[in-house]
Amino acid sequence: MEPRHLGRTGLRVSRIGLGTLTWGRDTPEGDAAEQLKAFWEAGGTLVDTADVYADGGAEYVLGRLLESLVPRRDLVIATKAGSVLDPSRRVDGSRGHLLAALDASLKRLGTDHVDLWQIHAFDPATPVEETLHAVDLAVSSGRARYAGVSNFCGWQLAKAATWQLAAPGVRTPLASTQMEYSLLQRGIEREVLPAAVDLGLGVLPSSPLGRGVLTGKYRHATPADSRGASDHLAPFVAPYLDEVASRIVDAVLTAANGLATTPLEVALAWVRDRPGVVAPIVGARTAQQLRAALSVEGLTLPDEICQALDDVSAPVHRYPDQDWSTL
């Protein structure tokens with residue numbers, strides 16, 4: 001699998017990442033092992049997790065597999081901290097919480113460092129400089145090699161990245177931002193993506209298949225074994241089952257038929273090759289589904305197909321994103 005640099009850093013990662021959101025909950029350890037082995041054998045290196053996935057269960061499963069299945073040195077392990085399972089406070093970006101969460105993650109993963117440590121979300125109740133000081137401590141102590149953020153909007157990302165760049169050699173420059181991005185969710189193109197490109201951060205798209213909808217499996221009904229039929233994941237899929245999404249899915253299917261490939265590959269290739277994108281994070285239910293996604297490595301969409309998909313899925317971005325003089 002072709003490697004790409006993560007932003008303006010020397011860290012190289014596979015251009016498709018493996019997501020572990022369901023590991024330790026919907027995906028048992030045996031199935032996770034099959035996925036990780038298939039990913040590794042295909043040349044994949046970037047494995048993304050978080051301390052709140054399955055309440056730590058995803059990291060624990062990954063840690064066990066690093067001991068027995070895949071050499072730790074062959075993978076780029078990325079995890080996150082900052083989200084909390086507390087309905088009264090969804091995010092905690094305090095230095096104390098973040099560093100304690102990182103230590104707990106390392107213990108579950110069975111490693112002395114992670115390759116990429118990401119702040120899971122912006123915490124408006126904590127000064128951003130305190131949150132970022134935790135990043136500096138994590139890297140300077142060797143517990144993390146690189147750092148990034150996740151789910152920061154445009155001004156939050158620009159503020160955090162600029163703060164880190166303001167003291168070269170003292171603060172750790174941010175390497176990446178992980179955001180939802182697909183043909184069904186192009187909101188980051190408004191401000192986040194331009195900011196990331198300008199500031200040298202690599203973009204790691206989550207849910208690049210539109211939460212599974214872009215595969216076309218929800219076109220006529222909800223499969224019984226799908227996330228859309230799951231009690232706890234159905235609300236996650238539901239926003240992309242409207243008429244607007246249906247038109248985009250139809251366009252993806254038309255492109256796939258014309259290219260003699262699958263809608264999954266078309267949707268994934270589109271987001272993988274967008275400007276600023278380093279590696280879409282793919283979460284699969286089975287190893288077979290993952291292998292189907294990894295087969296996208298041999299596909300590059302023709303320019304006319306990309307343009308047609310751009311047109312049908314184009315978000316409405318007017319003032320102040322366009323040149324004001326034309327409005």
Side-chain angles (χ1 to χ4, degrees), residues 4-9 11 13 17 19-21 46-53 76-84 89-102 105 113-140 143-168 170-181 185 187-208 274 276-281:
R4 288 174 170 173
H5 283 275
L6 188 65
R8 292 178 191 155
T9 75
L11 179 63
V13 300
T20 64
L21 173 65
L46 177 62
V47 181
D48 181 75
T49 189
D51 63 342
V52 291
Y53 291 174
V76 175
I77 303 298
T79 195
K80 311 179 196 73
S83 288
V84 291
R89 183 178 186 181
R90 299 288 303 278
V91 181
D92 188 344
S94 66
R95 180 169 53 240
H97 171 79
L98 291 174
L99 293 176
L102 175 57
S105 289
H113 74 279
V114 291
D115 301 287
L116 176 64
W117 190 47
Q118 303 159 99
I119 305 302
H120 210 156
F122 185 85
D123 180 7
T126 301
V128 69
E129 55 267 29
E130 178 180 337
T131 296
L132 294 171
H133 187 224
V135 167
D136 296 333
L137 289 172
V139 174
S140 64
R143 287 176 282 178
R145 298 294 191 255
Y146 295 87
V149 295
S150 175
N151 299 309
F152 278 40
C153 72
W155 73 263
Q156 294 165 351
L157 177 65
K159 183 176 182 179
T162 302
W163 176 265
Q164 293 303 94
L165 291 171
V170 178
R171 299 175 191 154
T172 301
L174 297 180
S176 63
T177 180
Q178 186 172 151
M179 301 290 292
E180 183 170 356
Y181 188 29
Q185 179 51 271
I188 71 166
E189 293 177 6
R190 185 177 178 91
E191 290 187 337
V192 174
L193 191 55
V197 170
D198 184 69
L199 292 162
L201 281 72
V203 176
L204 302 174
S206 60
S207 297
R274 298 295 286 177
V277 167
V278 175
I281 308 297

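Val278 and Gly202 make their closest contact through CG2-CA, 3.5 Å (heavy atoms, listed as atom of the first residue, atom of the second, distance). Considering all non-hydrogen atoms of both residues, Ala161 and Leu201 come closest at CB-CD1, 4.0 Å. Leu157 and Ala195 get closest at one heavy-atom pair: CD2-CB, 4.3 Å. Considering every non-hydrogen atom in both Ile188 and Met179, the closest pair reads CG2-CB, 3.7 Å. Across Ala134 and Leu99, no two heavy atoms sit closer than the pair O-CD2, 3.6 Å. The two atoms that bring Ala279 and Pro205 nearest to each other are O-CD, 3.4 Å, heavy atoms only.
How far NZ of Lys80 is from CG of Leu102: 13.5 Å, rounded to the nearest 0.5 Å. Remark: Leu174 CG to Thr9 OG1 distance equals 11.5 Å, nearest 0.5 Å. To the nearest 0.5 Å, the span separating CG on Leu132 from NZ on Lys159 amounts to 9.5 Å. Distance check, rounded to the nearest 0.5 Å: OG1 of Thr162 to CD of Gln164 gives 10.0 Å. Atom NE2 of His97 sits about 8.0 Å away from atom OG of Ser83, to the nearest 0.5 Å. Interatomic distance, Tyr146 OH to Gln118 CD, rounded to the nearest 0.5 Å: 14.5 Å.
Applying the side chain to side chain contact (heavy atoms under 4.5 Å, CB included) test to Thr79 and every residue at least two apart in sequence or in another chain returns Thr49, Glu59, Ser105, Val114, Trp117. Qualifying side chain to side chain contact (heavy atoms under 4.5 Å, CB included) partners for Arg90, counting only residues two or more places apart in sequence or in other chains: none. Among residues two or more places apart in sequence or in another chain, the side-chain hydrogen bond (donor to acceptor under 3.5 Å, both in side chains) test is passed with Arg8 by none. The side-chain hydrogen bond (donor to acceptor under 3.5 Å, both in side chains) search around Glu191 returns none, not counting sequence neighbours. Take Arg274 and apply the salt bridge (Lys or Arg N to Asp or Glu O under 4.0 Å) test, not counting sequence neighbours, and it matches Glu189, Asp310. By the ring-ring contact (aromatic ring centres under 6.0 Å, His included) test, Tyr181 pairs with Trp270, sequence neighbours left out. Among residues two or more places apart in sequence or in another chain, the side chain to side chain contact (heavy atoms under 4.5 Å, CB included) test is passed with Val76 by Leu11, Val13, Thr45, Leu46, Asp115. His5 pairs by the side-chain hydrogen bond (donor to acceptor under 3.5 Å, both in side chains) definition with nothing, not counting sequence neighbours. Taking the side chain to side chain contact (heavy atoms under 4.5 Å, CB included) definition, one finds that Pro127 meets it with Glu129, Glu130, sequence neighbours left out. Under the rule for a side-chain hydrogen bond (donor to acceptor under 3.5 Å, both in side chains), Arg171 has no partner lying at least two apart in sequence or in another chain.
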Hey, can you pull the donor-acceptor pairs under 3.5 Å for the side chains in residues 147-155, sequence neighbours left out?
from   : atom 1 : to     : atom 2 : distance (Å)
Ser150 : OG     : Gln178 : O      : 3.2
Asn151 : ND2    : His120 : O      : 3.1

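When side chains are defined from C-beta on, Leu204 does not count as touching Asp48, because their heavy atoms never get closer than 4.5 Å.
In this structure a side-chain-to-backbone donor-acceptor pair under 3.5 Å is present from Thr131 to Gly93. Glu180 places no side-chain N or O within donor-acceptor distance of the main-chain N or O of Ser206, the cut-off being under 3.5 Å.
Applying the salt bridge (Lys or Arg N to Asp or Glu O under 4.0 Å) test to residues at least two apart or on different chains, the pairs with a partner in residues 116-126 are Arg89-Asp123.
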Q: Check the pair Leu6, Leu116 against side-chain contact (heavy atoms from CB on, under 4.5 Å), reporting the backbone distance first and the verdict last.
A: CA-CA 10 Å; Leu6 188 65; Leu116 176 64; 4.0 Å; yes
